[in-house]
2 protein chains.
Amino acid sequence: MSKQIAINILKQHSQRATFRRIAVLEFLMEQAKAYSLTEMERLLSINIDRATIYRILQIFETEGLVIKMIDLNGTCIYMFNNQNHNDSKKHPHLRCKKCDKIVCLPCLPNEYMDKLDDFEINQIYFLMEGTCKECLSN
Amino acid sequence: MSKQIAINILKQHSQRATFRRIAVLEFLMEQAKAYSLTEMERLLSINIDRATIYRILQIFETEGLVIKMIDLNGTCIYMFNNQNHNDSKKHPHLRCKKCDKIVCLPCLPNEYMDKLDDFEINQIYFLMEGTCKECLSN
DNA sequence: TTAATAAATGCAACAGTGTTGCATAATTAA
DNA sequence: TTAATTATGCAACACTGTTGCATTTATTAA
């Protein structure tokens, strides 16, 4: 049961397992998609305020539970950071504009890393948006 | 004289060379940096409204004179698209958070392009933010 | 050069997202 | 169960993007 998994994750991170935090975490764990505050407020089946989602996601981001990205409209979107997702090595993402699905791309080759050494990088952000195969065929 | 160059560019693109358009284009041509609407409103030495800059940049983007990106705050930033800048082949950019300087990175390797074929990409957006060598040494 | 036409601009207003303070509700610890 | 702590909802605000409309500016025709 994914609800119990969500509770355990919160406990492991020394965070209170409240009704709303469980709901948000469970929602994001369900699929490899990224959502904005507004989308979550609409899609979550519980009553929850935008400010609450905002603060919950801030905590989740600090704890490394979610990855925050910015879509091409400039809106913040959040994705669950599961074990398969290689967060330690930064990499680009593809996002389907229709179904919100996120696909990870390989890490960057060395010719990039050399250039990056010139910078003191504090944030790397790569996002491509398009339409995925499944959505194209529908 | 860069003002005359700006006028010529506007004429080549069949756009009216108004006082404000010349100023905006000249400003962006001066350096390889990217600015937001608000920054331009502040930094331009002329009186100009945010809405006007907004509409001017819309035209410039359509004409391929500027490249629009989104910084890590979700704010749109605009950079002059000069001849050296290989716009036909999409590539990532590095931006210095202190001096706003933009550095182009190489085009993406084939292993990326293969994955991209699965998507019908309508927008590619890569941006990294950090601090450049010069700013680090100051 | 001037008048008529077309387009650009400023102002004001609004929408959407991010963000915060504060009173209240929920959770935890004693 | 009660006291202390924390989470939440509500309201408000800041900032950016965006648009309508009246006015100014630039272009075209005479």
Side-chain angles (χ1 to χ4, degrees), chain A residues 3 6-27 34-63 65-66 68-78 100 123 125 127, chain B residues 3 6-27 34-63 65-66 68-78 100 123 125 127:
Chain A
K3 184 180 171 182
I7 293 173
N8 291 341
I9 291 174
L10 288 167
K11 296 286 183 193
Q12 284 164 21
H13 286 262
S14 310
Q15 297 298 325
R16 283 194 179 177
T18 66
F19 181 62
R20 275 143 247 268
R21 291 180 181 186
I22 295 165
V24 171
L25 186 53
E26 210 180 344
F27 173 78
Y35 296 103
S36 68
L37 285 187
T38 307
E39 284 168 338
M40 288 190 222
E41 193 179 21
R42 184 169 49 83
L43 293 173
L44 281 167
S45 49
I46 60 170
N47 276 346
I48 185 166
D49 191 76
R50 206 172 75 250
T52 303
I53 304 178
Y54 171 74
R55 284 184 273 228
I56 287 176
L57 291 171
Q58 266 190 327
I59 294 169
F60 285 4
E61 196 196 359
T62 304
E63 296 294 324
L65 292 174
V66 300
K68 179 182 174 181
M69 293 180 285
I70 297 173
D71 75 9
L72 296 171
N73 295 316
T75 306
C76 296
I77 55 176
Y78 300 85
D100 303 319
Q123 259 181 309
Y125 172 63
L127 186 65
Chain B
K3 185 180 171 183
I7 294 173
N8 291 341
I9 292 175
L10 288 167
K11 295 287 182 192
Q12 283 163 22
H13 286 262
S14 309
Q15 296 299 324
R16 285 194 178 178
T18 66
F19 181 62
R20 273 143 248 267
R21 292 180 180 187
I22 295 165
V24 171
L25 186 53
E26 209 181 345
F27 174 78
Y35 296 102
S36 68
L37 285 188
T38 307
E39 286 168 337
M40 288 190 222
E41 194 179 20
R42 184 169 48 84
L43 293 173
L44 281 167
S45 48
I46 59 170
N47 276 346
I48 185 167
D49 191 76
R50 206 172 73 251
T52 304
I53 304 178
Y54 170 73
R55 285 184 272 230
I56 288 176
L57 290 171
Q58 266 190 327
I59 294 168
F60 285 4
E61 196 196 359
T62 304
E63 296 294 324
L65 292 175
V66 299
K68 178 182 174 179
M69 294 180 283
I70 297 173
D71 74 9
L72 296 170
N73 294 316
T75 307
C76 297
I77 55 175
Y78 300 86
D100 304 318
Q123 258 182 310
Y125 172 62
L127 185 65

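- When rounded to the nearest whole Å, the span between CG of B:Leu57 and P of C:dT9 equals 11 Å.
- Straight-line distance from the CD1 atom of B:Ile56 to the C1' atom of D:dG17: 16 Å, rounded to whole Å.
- For B:Thr52, no side-chain nitrogen or oxygen approaches OP1 or OP2 of C:dA8 to under 4.0 Å.
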| Nucleic acid footprint by protein, nucleotides 18-30 of chain C - heavy-atom cut-off 4.0 Å, B for base, S for sugar-phosphate alone | BBBB-----BS--
Would you list the atom pairs, donor with acceptor, under 3.5 Å between side chains in residues 45-58 of chain B and any protein atom, with sequence neighbours excluded?
{"from": "B:Asp49", "atom 1": "OD2", "to": "B:Ala51", "atom 2": "N", "distance (Å)": "2.9"}
{"from": "B:Tyr54", "atom 1": "OH", "to": "B:Gln58", "atom 2": "NE2", "distance (Å)": "3.3"}

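- Atom-to-atom distance recorded for A:Ile59:CD1 and A:Arg16:CZ is 10.5 Å, nearest 0.5 angstrom.
- Remark: P of D:dT23 and CG of B:Asn47 are 20 Å apart, rounded to the nearest angstrom.
- With A:Asn73 contributing its side chain and A:Thr75 its backbone, the two residues share no donor-acceptor pair below 3.5 Å.
- Atom CD1 in B:Ile48 sits about 18 Å away from atom P in D:dT24, given to the nearest Å.
- Shown here for A:Met69 and A:Ala34, the closest heavy-atom pair between the two residues is CE-CB, 4.2 Å.
- The distance between atom CD1 of A:Ile53 and atom C1' of D:dC10, rounded to the nearest whole Å, is 14 Å.
- Taking atom CZ on A:Arg42 and atom C1' on C:dG16, their separation rounds to 14 Å, with Å as the unit.
- Atom CZ of A:Arg21 and atom CD1 of A:Ile7 lie 13.0 Å apart (nearest 0.5 Å).
- Computed from coordinates, the B:Ile46 CD1 to D:dT25 P distance equals 13 Å when rounded to whole Å.
- Interatomic distance, CD of B:Gln12 versus CG of B:Leu65, reported as 9.5 Å (0.5 Å rounding).
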| request: Report the secondary structure of DNA chain C in dot-bracket form, marking unpaired bases with a dot and bases paired to a different strand with |, and treating Watson-Crick or G-U pairs with both distances under 3.5 Å as paired. | output: ||||||||||||||||||||||||||||||
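- To the nearest 0.5 Å, atoms CG (B:Leu43) and CZ (B:Phe27) are separated by 4.5 Å.
- Atom C1' of nucleotide C:dT17 and atom CE of A:Met40 are separated by 13 Å, given to the nearest angstrom.
- Residue B:Ile77 holds its CD1 atom at 9.0 Å from CE of B:Met40, rounded to the nearest 0.5 Å.
- Between the CD1 atom of A:Ile9 and the CD atom of A:Gln15 there is a distance of 12.5 Å, given to the nearest 0.5 Å.
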